[in-house]
Enquirer: 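I have a structure here, written as structure tokens, and I will follow up with some questions on it.
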Amino acid sequence: MNEIRIITVDGPSGSGKGTLAQRLAAHLKWHFLDSGAIYRVLGLMVDRVDISVDSVGKIAELARSMPLSFDGERALLSGEDVTGEIRTETAGNQASKVAAIPEVRTALLAWQRDYAKPPGLVADGRDMGTVVFPQAQLKIFLTASPEERAKRRYKQLKEKGLGVNLAGLIEEIRERDERDSQRTAAPLKAAEDALTLDSTQLSIDEVFSQVVGKVHETFPDLSGI
Ligand code: C5P
């Protein structure tokens, strides 16, 4: 197999896709792309320089020139660690506003595709399997009920020490899901050749072992891992 090995993990927020993708990448010792973090940092920049979310041209320009880098899990903006700041639900909502702009998505395509390097890539997002890496050999679409996803996000944010209100969180998640699935540019949806898994009743370990089984079917020479 000459082409680069790619596994895409897409789905709505709180489905567990971030945890799954990170764990898979660590397990396989492959590269990892957290595409949501890119949109979150862009949303933060738009807030900081105080441009309206309607200024499409300016935002696309920012996306093209964004001084963003990753150091493991840390997101650095001109060297400043913004990891904590981009993880709030408000930052997620702001990210989904800038992510709806087609010019922004085009500006970020090459950046994301650069992550596809040997020995392989696990890419986490909304459009990894449909738009960014349609050639991926294994595509997972992870879902869970909206209530379960809100509960998980609540727990995750609490653990990070961020103040959250469950009712407000449910509303923000609902709003974000709707924007992500209704937009015309790369809406949140499963690729036709994706394996859809509903994690509502499953623990992360159960999801992980099902997906590892699929990884071994897809890449039989990895069986020793
Ligand atoms: O995955 P995460 O919650 O960090 O993503 C934040 C937002 O960024 C999403 O709600 C979505 O609007 C946007 N996003 C996207 N395409 C991706 C990843 C994230 O539009 N591939």
Side-chain angles (χ1 to χ4, degrees), residues 6-22 25 32-47 53 56 59-60 62-63 66 68 70 73-75 77 82-116 121-134 136 139-144 146 149-150 152-157 160 162 164 169-191 194 199:
I6 302 176
I7 301 173
T8 57
V9 184
D10 290 301
S13 58
S15 58
K17 71 187 167 56
T19 312
L20 169 68
Q22 237 169 340
F32 172 59
L33 169 64
D34 174 2
S35 61
I38 307 174
Y39 290 98
R40 285 171 181 265
V41 171
L42 182 62
L44 177 70
M45 283 183 76
V46 167
D47 257 355
V53 281
V56 171
I59 299 176
L62 267 186
M66 198 162 44
L68 166 67
F70 290 102
E73 280 181 35
R74 295 192 317 143
L77 185 56
V82 293
T83 320
E85 210 172 328
I86 60 167
R87 284 297 146 206
T88 64
E89 205 46 38
T90 310
N93 227 332
Q94 176 73 355
S96 91
K97 288 183 193 156
V98 298
I101 304 170
E103 290 85 343
V104 162
R105 307 198 71 87
T106 309
L108 294 174
L109 267 183
W111 216 90
Q112 297 175 83
R113 287 180 175 155
D114 264 1
Y115 275 78
L121 171 71
V122 182
D124 158 13
R126 300 290 184 291
D127 62 341
M128 297 294 98
T130 49
V131 176
V132 184
F133 302 111
K139 301 179 183 179
I140 308 291
F141 191 80
L142 196 60
T143 61
R149 292 191 288 111
R152 288 180 191 168
R153 287 291 291 155
Y154 181 77
K155 194 164 163 262
Q156 223 175 36
L157 293 170
K160 288 191 174 137
L162 297 162
V164 270
L169 185 63
I170 292 175
E171 182 50 30
E172 282 195 305
I173 287 185
R174 196 200 53 73
E175 198 187 299
R176 184 142 74 99
D177 282 353
E178 192 174 300
R179 195 181 302 111
D180 289 349
S181 8
Q182 301 302 319
R183 69 187 178 207
T184 45
L188 166 68
K189 65 165 192 222
S199 72

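When a ligand or atom number is given, it counts from 1 through the structure's own listing order.
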Enquirer: Any atoms of ligand 1 less than 4.0 Å from a non-hydrogen atom of Gly125? List them with their elements.
Expert: 18 (C), 21 (N)
Enquirer: Is it true that Lys97 lies under 4.0 Å from ligand 1, counting heavy atoms only?
Expert: no
Enquirer: For atom 1 (O) of ligand 1, what's the nearest protein heavy atom and its distance?
Expert: Arg126 NH1, 2.9 Å
Enquirer: Nearest heavy-atom pair of Ile86 and Ala75: which atoms, and what distance?
Expert: CD1-CB, 4.0 Å
Enquirer: Please find the pair of heavy atoms, one from Ala185 and one from Ala100, that lie closest to each other, and give the distance.
Expert: CB-O, 4.3 Å
Enquirer: Are any of the N/O atoms on Ser13, whether in the backbone or the side chain, positioned under 3.5 angstrom from an N/O atom of ligand 1?
Expert: no
Enquirer: Taking all non-hydrogen atoms of both residues, which atom of Thr8 and which atom of Ala136 are closest, and how far apart?
Expert: CG2-CB, 3.7 Å
Enquirer: Any idea which part of Arg183 is under 4.0 Å from ligand 1, heavy-atom wise: side chain, backbone, both or neither?
Expert: side chain
Enquirer: Starting at CG of Asp180, measure out to OH of Tyr39 and round the result to the nearest 0.5 Å.
Expert: 10.5 Å
Enquirer: So is Asp127 polar-close to ligand 1, meaning N/O to N/O under 3.5 Å?
Expert: yes
Enquirer: Please check if the number of heavy atoms outside Lys160 that lie under 6.0 Å from its NZ is greater than 12.
Expert: yes
Enquirer: Between Lys189 and Asp127, does at least one N-O distance fall below 4.0 Å, as a salt bridge requires?
Expert: no
Enquirer: Do Met66 and Val41 have side chains that get closer than 4.5 Å, going by heavy atoms?
Expert: yes
Enquirer: Any N/O of Asp124 closer than 3.5 Å to an N/O of ligand 1?
Expert: no
Enquirer: Give the single entry among Ala99, Ser35, Pro12 that approaches atom 13 (C) of ligand 1 most closely by any heavy atom.
Expert: Ala99
Enquirer: Starting from atom 16 (N) of ligand 1, locate the nearest protein heavy atom and write down its residue, its atom name and how far away it is, to 0.1 Å.
Expert: Arg105 NH2, 3.0 Å
Enquirer: Enumerate the atoms of ligand 1 whose separation from the nearest heavy atom of Ser96 is less than 4.0 angstrom.
Expert: 10 (O), 12 (O)
Enquirer: Atom 19 (C) of ligand 1: which protein heavy atom is closest, and how many Å away?
Expert: Gly36 CA, 3.5 Å
Enquirer: On a heavy-atom basis, which atom in Ala144 and which in Arg149 lie closest, and how many Å separate them?
Expert: O-NE, 3.0 Å
Enquirer: Atoms of ligand 1 less than 4.0 Å from Met128 heavy atoms?
Expert: 21 (N)
Enquirer: Any ion pair linking Asp10 and Arg126 (charged N to carboxylate O, less than 4.0 Å)?
Expert: no
Enquirer: Students should be able to answer this: which protein heavy-atom is nearest to atom 8 (O) of ligand 1, and at what distance?
Expert: Tyr39 CB, 3.6 Å
Enquirer: Regarding ligand 1, does Asp180 bring an N or O atom to under 3.5 Å of one of the ligand's N or O atoms?
Expert: yes
Enquirer: Between Glu89 and Arg176, is there a side-chain N and carboxylate O pair less than 4.0 Å apart?
Expert: yes
Enquirer: Going by the atom numbers of ligand 1, which of them fall below 4.0 Å from some non-hydrogen atom of Arg40?
Expert: 2 (P), 3 (O), 4 (O), 6 (C)
Enquirer: For Lys17, take its heavy atoms, then give the atoms of ligand 1 lying under 4.0 Å from any of them.
Expert: 1 (O)
Enquirer: Out of Lys17, Arg40, Arg87, which one pairs with Asp34 under the salt bridge (Lys or Arg N to Asp or Glu O under 4.0 Å) rule?
Expert: Arg87
Enquirer: Does Arg176 reach ligand 1 with a nitrogen or oxygen that is under 3.5 Å from one of the ligand's nitrogen or oxygen atoms?
Expert: yes
